[in-house]
Amino acid sequence: MAGRLGVVGAGLMGAGIAQVAAQAGWDVTVRDLDEGSLTRGRDAIRGSLDRFVAKGAISAQDAEAAMDRIRTSTELEALADADIVVEAVFEKLDVKLEVFRALDKICKDTAVLATNTSAIPVTQIAVATGRPEAVVGTHFFSPVPMMKLCELVRGYKTSDETLATAKAFAEGVGKTTITVNRDVAGFVTTRLISALVVEAVKLVESGVVSPEDLDVACKLGFGHPMGPLATTDLTGVDVLLHATRNIYDDTADEKFFPPELLQRMVAAGDLGRKTGRGFYRY
Ligand SMILES: NC(=O)c1ccc[n+]([C@@H]2O[C@H](COP(=O)([O-])OP(=O)(O)OC[C@H]3O[C@@H](n4cnc5c(N)ncnc54)[C@H](O)[C@@H]3O)[C@@H](O)[C@H]2O)c1
């Protein structure tokens, strides 16, 4: 399966999705708000393809062919003939609603409209369109060219056909999919990591174990490539706090109530690697 793909947003995720699709033979058009963002997106794709070539994972000709299949535009209308559009703009509901409202107007009737949101319920995004049955979540992971998972999320009105198209697309670009049958807060992956991190933080804050030993337990005991606290430092302590708070707000399930330590770390500005300090110092 290959055809015409539209990508909205040329950031970290949009560029990655455009890249894997172009490598799989899709004609890709990426839209961002300004030329600077589009140039950064193209440069990121070029850099990633060059690294694959340097490792001998793909040929220089294939990398060139993939680049040639990617067009960029600041006009959303450039996506009008796309078979599938994947939205990867900022994780803000109002921004996504505006994008989907506009996509609904310009995309062809048969197009599938996908969102790469990590946590916003697909149903909430789909209401911006007159075709909620055609809206689906395709939650890719970062870095997209390396990470094998795509979490497919069914909104309240997503049709079987839309889900099947999204699955064929994600598998066609080399991903293994899981299907989330209801768009609960945090879907499946954010629920799991939030539950693990919340419990990990509780164990650390109550003095049961050090952050180092907790991460060692998960690595050597469960075979995780990285411990949950080191992962949180990488993702951003604030990002994790925001995720668990959202899940708690939606479910009132106390296991997702953000522990005090997590809240204080964010208040103090210890957000992980990006600020030089989180559960570890960098
Ligand atoms: N970063 C991650 O690890 C990750 C992982 C999974 C999912 N996600 C989700 O993917 C989405 C994108 O995240 P990201 O990390 O790529 O963000 P990013 O900030 O790197 O990129 C977002 C891009 O969207 C552009 N943009 C904003 N409004 C736009 C509009 N109306 N039209 C076109 N472009 C617009 C911005 O200019 C920017 O280039 C978010 O919903 C995020 O939650 C991110």
Side-chain angles (χ1 to χ4, degrees), residues 5-21 28-45 47-48 71-80 82 85-107 113-122 124-126 128 135-153 170 175 177-178 180 183 185-194 226 231-243 246-247 271-274:
L5 177 75
V7 177
V8 190
L12 182 68
M13 299 305 288
I17 294 163
Q19 178 186 331
V20 295
V28 182
T29 305
V30 185
R31 189 260 177 155
D32 207 304
L33 298 173
D34 54 80
E35 288 297 341
S37 303
L38 290 170
T39 303
R40 278 192 296 279
R42 275 196 92 85
D43 289 349
I45 295 170
S48 172
R71 316 228 167 304
T72 56
S73 175
T74 53
E75 303 296 325
L76 197 67
E77 287 68 24
L79 310 187
V85 176
V86 180
E87 165 277 313
V89 303
F90 303 130
E91 186 75 345
K92 291 219 166 79
L93 180 61
D94 55 339
V95 181
K96 293 196 188 281
L97 288 177
E98 193 188 313
V99 168
F100 276 81
R101 230 173 266 131
L103 287 173
D104 191 34
K105 289 206 184 85
I106 62 135
C107 290
L113 307 182
T115 172
N116 194 57
T117 178
S118 353
I120 300 173
V122 173
Q124 251 175 301
I125 296 172
V135 180
V136 62
T138 49
H139 180 202
F140 288 88
F141 287 71
S142 173
V144 180
M146 306 297 296
M147 297 292 278
K148 283 282 171 211
L149 181 65
C150 180
E151 188 176 31
L152 300 174
V153 185
K175 304 305 170 196
T177 61
I178 63 158
V180 181
D183 59 350
F187 310 143
V188 166
T189 51
T190 308
R191 280 262 183 143
L192 287 172
I193 190 67
S194 297
M226 209 176 176
T231 305
T232 301
D233 275 359
L234 187 63
T235 313
V237 181
D238 53 333
V239 174
L240 215 289
L241 175 66
H242 183 69
N246 275 347
I247 299 173
L271 307 184
R273 283 187 191 233
K274 61 188 169 192

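Position 1 is the first residue of the sequence, and the numbers go up from there. Atoms within a ligand are numbered from 1 in the order they appear, just like the ligands themselves. Just so it is clear, the structure is predicted and the values come from calculations on it, not from any experiment.
- For the residues Val144, Leu76, Val89, Val86, the heavy atom positioned nearest atom 35 (C) of ligand 1 is part of Val89.
- Closest to atom 30 (C) of ligand 1 among all protein heavy atoms lies Leu33 CD2, 3.5 Å.
- By the salt bridge (charged side-chain N to carboxylate O under 4.0 Å, His left out) test, Lys105 pairs with no residue at all, sequence neighbours left out.
- Within the 4.0 Å heavy-atom criterion, neither part of Arg40 lies near ligand 1.
- The proximity of Phe141 to ligand 1, defined as any non-hydrogen pair under 4.0 Å, does not occur for either the backbone or the side chain.
- Within the 3.5 Å criterion, the main-chain N or O of Glu35 finds a donor-acceptor partner in the side chain of Thr39.
- Put simply, OG1 on Thr177 and CZ on Phe140 are 10.0 Å apart, with the number rounded to the nearest 0.5 Å.
- Val99 CG2, 3.5 Å is the protein heavy atom nearest to atom 31 (N) of ligand 1.
- Contact annotation: for Glu98 versus ligand 1, there are no heavy atoms closer than 4.0 Å.
- In this comparison of Asp32, Val8, Val7, Thr115, the heavy atom closest to atom 25 (C) of ligand 1 sits on Asp32.
- At the top of the distance list for atom 41 (O) of ligand 1, counting protein heavy atoms only, stands Glu91 OE1, 2.5 Å.
- Rounded to the nearest 0.5 angstrom, Leu103 CG and Arg31 CZ are separated by 8.5 Å.
- For atom 43 (O) of ligand 1, the closest non-hydrogen atom on the protein side is Ser118 OG, 2.7 Å.
- For atom 6 (C) of ligand 1, the nearest non-hydrogen atom of the protein is Phe140 O, 3.2 Å.
- When the salt bridge (charged side-chain N to carboxylate O under 4.0 Å, His left out) test is applied to Glu91, the partners found at least two apart in sequence or on another chain are Lys96.
- No side-chain donor-acceptor contact under 3.5 Å links Ser37 to the backbone of Leu33.
- Within a 4.0 Å radius of atom 17 (O) of ligand 1, the protein contributes no heavy atom.
- Close approach of ligand 1 to Val95 is summarised as follows: ligand atoms under 4.0 Å from at least one heavy atom of the residue are 28 (N).
- Rounding to the nearest 0.5 angstrom, the gap separating the CE atom in Met13 from the OG1 atom in Thr117 is 10.5 Å.
- For atom 13 (O) of ligand 1, the nearest protein heavy atom (residue, atom name, distance) is Met13 CG, 3.8 Å.
- In the vicinity of Thr117, heavy-atom distances shorter than 4.0 Å reach the ligand 1 atoms 41 (O).
- Contact atoms of ligand 1 toward His139: 6 (C), 7 (C) (distance under 4.0 Å to a heavy atom of the residue).
- In this structure a side-chain-to-backbone donor-acceptor pair under 3.5 Å is missing from Arg101 to Ala128.
- Judged purely by atom type and a 3.5 angstrom limit, Ser142 has no side-chain atom pairing as donor or acceptor with the backbone of Val144.
- Applying the side chain to side chain donor-acceptor pair (under 3.5 Å) test between Lys274 and each of Thr235, Asp238, Asp233 identifies Asp238 as the sole match.
- Among protein heavy atoms, atom 9 (C) of ligand 1 sits closest to Asn116 O, 3.3 Å.
- Shown in contact with Lys96 at under 4.0 Å from a heavy atom are these atoms of ligand 1, numbered in order with element: 40 (C), 41 (O).
- Across Gly9, Ala88, Gly14, heavy-atom proximity to atom 22 (C) of ligand 1 is greatest for Ala88.
- Among all protein heavy atoms, the one lying closest to atom 21 (O) of ligand 1 is Gly11 CA, 3.3 Å.
- Between Asp104 and Phe100 there is no side-chain heavy-atom pair separated by less than 4.5 Å.
- Within the 4.5 Å cutoff, no side-chain heavy atoms of Lys175 are placed close to those of Leu149.
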